[in-house]
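See structure below.
Because the structure is predicted, anything quoted here is derived from the model rather than measured.
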Amino acid sequence: MPKAKGKSRRQKYSYNLNRKRLYRSARRRAAPWVGASHIRHAWDPTKSVAQNLAEMGLAEDPNKAIPIPKKMLLGMEVESNGQVQGKKIVRKPYVVNEMEYEASLPEKKSNTLSRDLIDYVRYMIQNHGENYKEMARDEKNYYQDTPKQIKRKINVYKNFYPEEYKDFVASLKQEKMDVQ
């Protein structure tokens with residue numbers, strides 16, 4: 001059966017296709033940052049970005065918000081001009097207060113280990129103790145981890161579940177005492 005007519009030809013690179021647009025839209029859909037909801041509720045669409053941020057007490061340009069003194073820029077003792085900037089009126093201070101409160105909350109530990117990795121580490125410790133070279137030669141080492149990789153996995157397990165690890169090692173010692 002003959003091939004379709006244009007299939008064997010090489011595909012041409014399209015210079016007019018905007019590939020950044022696809023990346024940006026995916027990035028926008030990612031998880032929103034902490035204070036987005038507070039800013040969104042306090043935003044006034046009739047005002048400019050600078051006016052909205054100033055009303056909330058937020059800085060539009062960090063370089064203007066906390067200027068670097070001229071003596072630090074030049075490295076010499078040069079007096080900066082004595083201009084005192086006028087105080088900006090913050091009409092919506094609750095936005096900054098809510099953002100500070102959210103930032104002060106303790107972060108949840110959302111990272112956990114897979115059940116397979118936990119079972120693998122416990123099996124290795126139970127059968128081989130601290131002998132990593134023996135663990136690397138074990139038949140259950142399906143991914144052919146090196147002794148250092150196995151040691152790293154065990155250390156990760158120790159850091160994630162310290163109490164569980166201590167209980168497990170204590171139970172192993174108890175089993176050895178019972179056997180002897």
[Y] side chain reached by [X] side chain, heavy atoms, under 4.5 Å:
X	Y	value
Y132	M124	no
M56	W43	yes
N52	L58	no
T112	Y161	yes
E55	I89	no
E98	Y101	no
F160	I118	no

Can you tell me how far [atom2] of [Y] sits from [atom1] of [X], rounded to the nearest 0.5 angstrom?
X	Y	atom1	atom2	result
Q174	S171	CD	OG	9.0 Å
Y157	Y120	OH	OH	14.5 Å
M99	S37	CE	OG	9.5 Å

Consider only side-chain heavy atoms of I, L, V, M, F, W and Y, link residues closer than 4.5 Å, and tell whether [X] and [Y] are in one cluster.
X	Y	answer
Y94	L105	no
I39	V49	yes
V169	I154	yes

For [X] and [Y], indicate whether the former's side chain and the latter's backbone hold a donor-acceptor pair under 3.5 Å.
X	Y	result
E134	N131	no
Q149	T146	yes
N141	R137	no
K92	A42	yes

- Task: Mind jotting down which residue pairs meet the salt bridge (Lys or Arg N to Asp or Glu O under 4.0 Å) criterion with at least one end in residues 118-130? Sequence neighbours excluded, please.
- Result: R115-D119
- Message: Listing request: all salt bridge (Lys or Arg N to Asp or Glu O under 4.0 Å) pairs with a residue in residues 138-162, at least two apart in sequence or in separate chains.
- Response: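 Every pair satisfying salt bridge (Lys or Arg N to Asp or Glu O under 4.0 Å) with a residue in residues 138-162: D145-K153.
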- Message: Determine whether Y165 and I125 satisfy the following criterion, side-chain contact (heavy atoms from CB on, under 4.5 Å), listing intermediate values before the conclusion.
- Response: CA-CA 10 Å; Y165 176 76; I125 293 171; 3.7 Å; yes
- Task: Could you tell me whether I66 atom CD1 has more than 12 heavy atoms of other residues or ligands within 6.0 Å of it?
- Result: no
- Query: For residues S114 and D116, is any side-chain donor paired with an opposing acceptor at under 3.5 Å?
  - Reply: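 Short answer, no.
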- Note on the structure: Minimal heavy-atom distance between I150 and M135, with the atoms involved, is CG2-SD, 3.4 Å
- Message: Test side chain to side chain donor-acceptor pair (under 3.5 Å) on Y123 and N127; report intermediate values, then the result.
- Response: CA-CA 6 Å; Y123 169 82; N127 291 341; 3.2 Å; yes
